[in-house]
Amino acid sequence: GMATVQPSSRIAMRAYACIAGIGFSSPLTLMSVCAQLAAPPELLALASVNLLVSRALGGVVAVAVYNAVGKTRTAALVGPRLAAAVAPFGFPEARLPALVAAAQVAGGAALKKLPGMTPEIMEAIEMAMRHVYADSCTSFLCLAVSSSGTPELTIPFLQTAGSGPSPPPSPSLPSQASSVSSPSHQ
């Protein structure tokens, strides 16, 4: 899937994003309906709010975790990959820290300001940065797959409504028919 897309395959990345969008958004309506149908009428609003809050909280946590993983992975990869990309062109190692900082600025304007920059070196840097970002995305997509599998593993351990121990019987109430006296008995 998306974790196997190469930087040169832009169409495949867009196609996977469309498929993922359909796949992620379709169950949202079904989840809302299932939560509302599973709740008793007096708890319908609470079930709906609980679903929405848990989705929002999960999204906030996921974005924070994915951002941390992506930035950490990018920081670990960018230096060595750029050094390997510019080494065949004789780029001096002393300028690598400036190159790493300039390569992460969008648009390439910062790269053009570095001394000794040629179109060939800039093309090599652009391809190396695409690979760095693709590998960073791969790491958090793998994290997403592994963390989304956790709820599926817990499903067999959930109790369904009919499988648990039955509640104790409630005391029987006298029927209304016997408690209402008819006018003929008065």
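Values in this document were obtained by computation on a predicted structure and should not be read as measured data.
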Could you list the donor-acceptor pairs under 3.5 angstrom formed between side-chain atoms of residues 110-120 and any protein atom two or more places apart in sequence or on another chain?
| from | atom 1 | to | atom 2 | distance (Å) |
| --- | --- | --- | --- | --- |
| T118 | OG1 | E120 | OE1 | 3.4 |
| T118 | OG1 | I121 | N | 3.2 |

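Screening V69, V63, N67 against V65 for a side chain to side chain contact (heavy atoms under 4.5 Å, CB included) leaves a single residue, V69.
Taken from OH in Y133 to CZ in R81, the straight-line distance is 12.5 Å, to the nearest 0.5 Å. To the nearest 0.5 Å, atoms CE (M129) and OG1 (T74) are separated by 7.5 Å. The CD atom of Q36 sits 11.5 Å away from the CE atom of M31 when rounded to the nearest 0.5 Å. Between L57 atom CG and L52 atom CG the span is 12.5 Å, to the nearest 0.5 Å.
Minimum heavy-atom separation, I125 to V86: CG1-CG1, 3.7 Å. Here the closest non-hydrogen pair linking S54 and L51 is OG-O, 3.0 Å. Closest of all the heavy-atom pairs between G79 and V100 is CA-CG2, 4.0 Å. Closest of all the heavy-atom pairs between P88 and A84 is CD-O, 3.4 Å. Taking all atoms of both residues into account, the shortest heavy-atom contact from L82 to A128 is CD2-CB, 4.0 Å.
Linking Ile, Leu, Val, Met, Phe, Trp and Tyr residues whenever their side-chain heavy atoms come within less than 4.5 Å places F89 and L96 in a single cluster. In the hydrophobic clustering of this structure, V78 groups with M122; members are Ile, Leu, Val, Met, Phe, Trp, Tyr whose side-chain heavy atoms approach within less than 4.5 Å, directly or through other members.
Under a cut-off of 6.0 angstrom, the local environment of CD in E93 is sparse, with at most 12 non-hydrogen atoms contributed by other residues, nucleotides or ligands. In the displayed structure, L30 atom CG is contacted under 6.0 Å by more than 12 heavy atoms of other residues, nucleotides or ligands.
If you chain together ILVMFWY residues whose side-chain heavy atoms come under 4.5 Å of each other, L46 ends up grouped with L43. Here V53 sits in one hydrophobic cluster together with V49; the rule is ILVMFWY side chains under 4.5 Å apart, joined directly or through other members.
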